[in-house]
Protein chains: 2
Amino acid sequence: MTTLKELAALLNISVSTVSKALNDSHEISEKTRIRVKELATKLNYKPNRIAQQLKNNTSKTIGVILPTVTNPFFAEVLHGIEMAATNNNYDIIVCLSNETLHKEKRSLSLLSNGSVDGFIIAVARESQVKNQTDHIEAIIKSKIPVLMFDRVVNGIECNKVIVDDFQSVYEATKHLIVNEKRKNILLVSNIEELSVGQLRISGYSKALEDYKLTPNILKLDNAVDIEVEKKIYAYLKDNTSIDAILSIDHITGIVAINMAKRLGKEIPKDLSVVGFGYDHTQLLSSPKISIIHQKAHKIGEMSTKLLIDSVKDQTLKTQTIVVPSELKLSESTK
Amino acid sequence: MTTLKELAALLNISVSTVSKALNDSHEISEKTRIRVKELATKLNYKPNRIAQQLKNNTSKTIGVILPTVTNPFFAEVLHGIEMAATNNNYDIIVCLSNETLHKEKRSLSLLSNGSVDGFIIAVARESQVKNQTDHIEAIIKSKIPVLMFDRVVNGIECNKVIVDDFQSVYEATKHLIVNEKRKNILLVSNIEELSVGQLRISGYSKALEDYKLTPNILKLDNAVDIEVEKKIYAYLKDNTSIDAILSIDHITGIVAINMAKRLGKEIPKDLSVVGFGYDHTQLLSSPKISIIHQKAHKIGEMSTKLLIDSVKDQTLKTQTIVVPSELKLSESTK
DNA sequence: TTGTATGCGTTATCAT
DNA sequence: ATGATAACGCATACAA
C-alpha cells in the first residue's frame with residue numbers, strides 16, 4: 001500500500017505538503033498539487049483508513065448484532081441496514097448471536113473498543129427469555145450509542161425501531177372476523193416466548209375479546225421440521241370447526257395451508273389463512289396465503305439513519321419509531 | 001474509553017510499564033503487574049483496536065462481499081463465515097453488491113485501504129454476465145488475498161470454494177432416470193445466465209445424453225413473483241408428458257409442485273420433483289420436494305478458514321475446494 | 001525491573 | 001508555498 005511518506009520521497013517534498021495537496025488545501029500551489037495528484041493516481045494511493053480512524057477517534061463503522069440471518073426477516077433488515085450505511089459512508093461489522101446470550105455479550109464486548117461508533121441490535125432469544133440485558137446497558141453507559149429494533153428491551157432507554165406487532169395482528173384478526181365472517185380463528189405460534197410473539201398474541205386476544213369470540217391458540221413450543229407439520233395436522237383434524245388460521249411467524253402459515261389441503265379443506269372457502277411474510281412467502285403458497293408484511297427493509301434503513309444521527313449528535317433525545325406493517329390479502333380473498 | 005496513558009498517570013508509572021504489565025511481560029514485577037491489572041479491570045480498560053491495527057499493520061477483519069443476503073443460500077453461507085471468523089478472532093465487514101457491478105467495485109475499492117486483511121466474495125450477477133472482473137484482479141495484484149466462492153471467475157488465480165454443481169445435478173438426474181424410471185424430465189431454470197446455472201444445466205444435459213433422452217428446458221428469464229407461476233403452469237398444461245421436474249434454484253421447485261397439484265397431478269406418482277434447497281425448503285412443500293442440499297454453512301466455514309490461512313501465509317499455493325452437495329429424497333420417493 | 005524513545009499513517013498546528 | 005513537529009493509542013527496541 002502506498003503511503004504519504006512514499007509519495008513524498010518520490011517527489012522530494014515533505015509529507016505534510018503531500019497531505020495538504022491531496023486534500024486541496026489553499027496553501028498549496030496549483031503546480032505541486034497537480035504533480036502530487038498525478039503520482040497518487042498513478043500509484044493508486046488511498047489514505048490508510050486505520051490511520052484516519054486513529055487520528056479522528058471515529059471508525060465510521062456500525063456494529064450490527066443479529067440473532068440470525070437465515071430468518072428472512074433479519075436478512076431483509078440487514079439489507080436495509082447495509083444500504084443505508086453505504087449511503088452514509090459507514091461500514092458495518094456484522095455479528096450473529098445465534099440467539100445466545102453469551103455470543104451477544106461477547107460480540108458487544110469485543111467491538112466496544114473503538115471498532116465501531118455505535119450498535120444496532122436485535123436482542124437474542126436467550127437474553128430476552130432470561131431477561132438478562134445488563135451487557136447492553138453497560139454499553140450505553142459507556143457512551144456508545146445503541147439502537148434496538150424489533151426485539152426490544154422496554155426497561156432500557158435508547159433509540160428503538162419497532163413493528164406494530166399488536167396493532168397489525170389486531171387488524172388482521174378483525175379483518176377475518178368482520179370482512180371474512182370467521183368465527184373460529186386459530187392462532188398458531190412458534191415464537192410465543194419472544195416479546196414480539198407476546199405482542200402478536202395480545203393483538204389477537206384483544207380482537208377476539210372485542211368481538212366476543214373464543215380464542216384458540218396452538219403453541220408449537222419451538223418445534224422443528226416435521227414436528228410442525230404433525231402438530232398442525234393433528235390440531236386441524238381434531239378441531240374441524242376452525243375456519244381461519246392466523247400464523248404469527250413466516251413458516252407455519254404455509255404449513256397450515258398444506259395441511260388443510262391434505263385434510264380436504266378448500267381455501268379460502270373453508271379456511272382463511274393469514275401469516276407473517278416477506279418477499280417470497282406468497283409465491284411459495286398455493287392457494288396464496290394472506291400476509292402481514294413487515295417492512296423489514298425499511299426497519300433496517302430507519303434504524304441505521306437514527307443510529308447515525310445519534311452518533312453524530314450524542315445530545316439528541318432518544319425516540320421510538322413504529323414502522324407499520326401492511327396486510328397483503330391474497331387475490332382470492334380480496 | 002480508558003487508555004494506557006490514563007492508567008499510567010493514575011498509577012504514577014510509565015505507559016510502557018503499563019503496557020508490558022497488561023501483556024504479562026516477564027520484565028514486570030508481580031506486584032506492579034497486579035496493581036496495573038486491578039486498575040485496568042476496575043476502569044474496564046480495553047486496548048484500542050484501531051491503534052493496535054495501525055501498529056501491527058493488520059486489521060484482523062475480513063471483507064465479505066455478497067450479491068444478496070435475502071437468498072437463503074447466501075444467508076447460510078454468511079452464517080458459516082461469521083462463525084468461522086469469530087472462532088479465529090476475526091471480524092467481518094459485510095457489503096452487499098445487490099448483484100450490481102458498480103456496487104461490487106465500490107465495496108472492494110473502499111475496503112482495500114487497510115480496512116480488511118482479505119476478501120471473501122461471490123461475484124455479482126452483473127459482473128458475471130458482463131464478464132467484467134478487472135476490479136477483482138486488481139485487488140489480488142495489490143497483494144490482498146481474495147477467496148471466491150460459488151460464483152467463481154475461472155480466469156482468476158486465487159483460492160476458491162465451489163459447489164459440485166455439475167456433478168450433483170448429474171446424479172440427481174440420473175436418480176430420476178434410473179431409480180424413478182422417469183423419461184420426460186423438465187429442467188426449470190431461473191438462473192441460466194450464472195456460471196452455476198450453466199454448470200447445473202450441463203449436468204442435466206449430460207445425464208440425458210448418457211441415457212439417450214430428450215432434454216426439456218424451461219428458462220424463466222429472471223421472472224418474478226406471479227410470472228413464475230404462470231410460466232410453469234402454462235408449460236405443464238401444454239406438455240402433459242412431463243413426468244419429472246428438476247428445478248435448479250430454491251423457489252421454482254416448490255412452485256412447480258403447487259402448479260402440478262392445481263393441474264390435478266399426483267406427486268410423486270405422476271410427477272417427481274427435485275429442486276435445490278436449504279433448511280426449510282422441504283417443510284414448505286407438500287408433498288415434500290426432494291432437494292439437492294448444498295452445504296452452504298460448510299462453504300462459508302471452509303472459505304473463511306482458507307482465506308485466513310492465506311492471509312497468515314501469503315506464500316501458500318492457491319487451491320480450489322469442492323464441497324459436495326447431498327441429495328435429500330422426500331420420504332415418499334425413498 | 002522500570003522508563004525513554006520511536007514508529008505505524010494521517011492530519012492539524014505552527015514555523016519558515 | 002512549503003516544511004517540521006506533534007498527536008491519536010499502542011507496542012517494542014533500547015537505555016538506565
Side-chain angles (χ1 to χ4, degrees), chain A residues 1-37 39-40 43-61 89 110-117 142-144, chain B residues 1-37 39-40 43-61 89 110-117 142-144:
Chain A
M1 280 202 12
T2 316
T3 66
L4 287 182
K5 199 195 264 187
E6 289 168 24
L7 293 179
L10 286 169
L11 294 165
N12 266 312
I13 55 180
S14 79
V15 170
S16 52
T17 304
V18 176
S19 172
K20 286 173 185 168
L22 290 172
N23 289 305
D24 291 313
S25 165
H26 316 279
E27 303 176 10
I28 303 299
S29 72
E30 175 93 11
K31 205 178 101 208
T32 54
R33 212 180 61 222
I34 293 180
R35 228 163 57 93
V36 169
K37 288 201 172 181
L39 186 63
L43 298 186
N44 194 27
Y45 167 80
K46 286 176 198 161
N48 182 309
R49 182 97 175 296
I50 308 289
Q52 284 180 324
Q53 290 177 1
L54 183 62
K55 182 80 182 141
N56 304 329
N57 194 31
T58 168
S59 64
K60 294 277 263 174
T61 303
N89 287 312
L110 285 177
L111 293 182
S112 58
N113 60 358
S115 296
V116 303
D117 294 344
S142 76
K143 301 293 176 200
I144 303 179
Chain B
M1 281 201 11
T2 316
T3 65
L4 287 184
K5 198 196 266 186
E6 289 168 23
L7 293 179
L10 287 169
L11 294 165
N12 265 315
I13 55 180
S14 79
V15 171
S16 60
T17 304
V18 177
S19 172
K20 286 172 186 168
L22 289 172
N23 290 304
D24 291 314
S25 166
H26 316 278
E27 303 175 11
I28 304 297
S29 73
E30 176 93 10
K31 204 179 99 203
T32 53
R33 213 181 60 220
I34 293 179
R35 229 161 58 91
V36 169
K37 287 201 172 179
L39 186 64
L43 298 186
N44 192 27
Y45 168 79
K46 285 175 199 161
N48 182 306
R49 182 95 176 296
I50 307 289
Q52 284 181 322
Q53 291 177 3
L54 185 61
K55 178 78 182 145
N56 305 328
N57 195 30
T58 168
S59 64
K60 294 277 263 174
T61 303
N89 288 313
L110 285 177
L111 293 182
S112 56
N113 58 358
S115 296
V116 302
D117 294 344
S142 76
K143 300 293 175 199
I144 303 179

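Residue numbers start from 1 in every chain, and the chains themselves are labelled A, B, ... in the order their sequence lines are given, proteins ahead of strands.
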Check your understanding: Out of dT2(D), dG9(C), dT1(C), which has the shortest distance to the side chain of Leu54(B)?
Key -> dG9(C)

Exercise for review: Figure out the CD/C1' separation between Gln53(B) and dG7(C), and round it to whole Å.
Suggested key: 17 Å

Point to revise | Phosphate OP1/OP2 of dT11(C) contacted by Gln52(A) side-chain N/O (<4.0 Å) | key: yes

Exercise for review: For residues Ile13(A) and Arg35(A), determine if any side-chain heavy atom of one lies less than 4.5 Å from a side-chain heavy atom of the other.
Suggested key: yes

**Study point:** Nearest-angstrom distance from the residue atom CD of Glu27(B) to C1' of dA11(D)
**Key:** 12 Å

Practice item. Please determine if a side-chain N or O atom of Thr3(B) lies less than 4.0 Å away from the OP1 or OP2 oxygen of dC8(D). Key: no

Check your understanding: So, is Lys5(A) near the phosphate of dT10(C), with a side-chain N or O under 4.0 Å from OP1 or OP2?
Key -> no

Exercise for review: Look at Asn23(A) and dT11(C) and indicate whether a side-chain polar atom (N or O) is within less than 4.0 Å of OP1 or OP2.
Suggested key: yes

**Study point:** Euclidean distance, Gln53(B) CD relative to Asp117(B) CG, rounded to 0.5 Å
**Key:** 8.0 Å

Point to revise | Rounded distance (nearest 0.5 Å) linking atom CG of Leu110(A) with atom CG of Asn89(B) | key: 7.5 Å

Practice item. Using whole Å, report how far CG of Leu7(A) lies from P of dT2(D). Key: 16 Å

Revision key, fill the gap. Heavy-atom closest pair (Thr2(B) atom, Tyr45(B) atom, distance to 0.1 Å) is O-CD1, 3.3 Å

Point to revise | Sub-4.0 Å heavy-atom contacts from residues 10-20 of chain B onto DNA chain D, ordered by number | key: Ser16(B), Ser19(B), Lys20(B)

**Study point:** Between dT2(C) (P) and Glu30(B) (CD): distance, integer Å
**Key:** 11 Å

Review point. Angle, rounded to 10°, between the helical axes spanning five pairs at each terminus of the helix from dT1(C)-dA16(D) to dT16(C)-dA1(D)?
Key: 60°

Practice item. Spell out, as yes or no, whether a donor-acceptor pair under 3.5 Å connects the side chain of Asn44(B) to the backbone of Lys46(B). Key: no

Check your understanding: What distance separates Leu111(A) CG from Ile144(A) CD1, expressed to the nearest 0.5 Å?
Key -> 9.0 Å

Check your understanding: Under 4.0 Å: is that the gap between some side-chain N or O of Thr32(B) and OP1 or OP2 of dT1(C)?
Key -> no

Review point. Hey, what do you get for CG (Asn12(A)) to OG1 (Thr17(A)), rounding to the nearest 0.5 Å?
Key: 11.5 Å

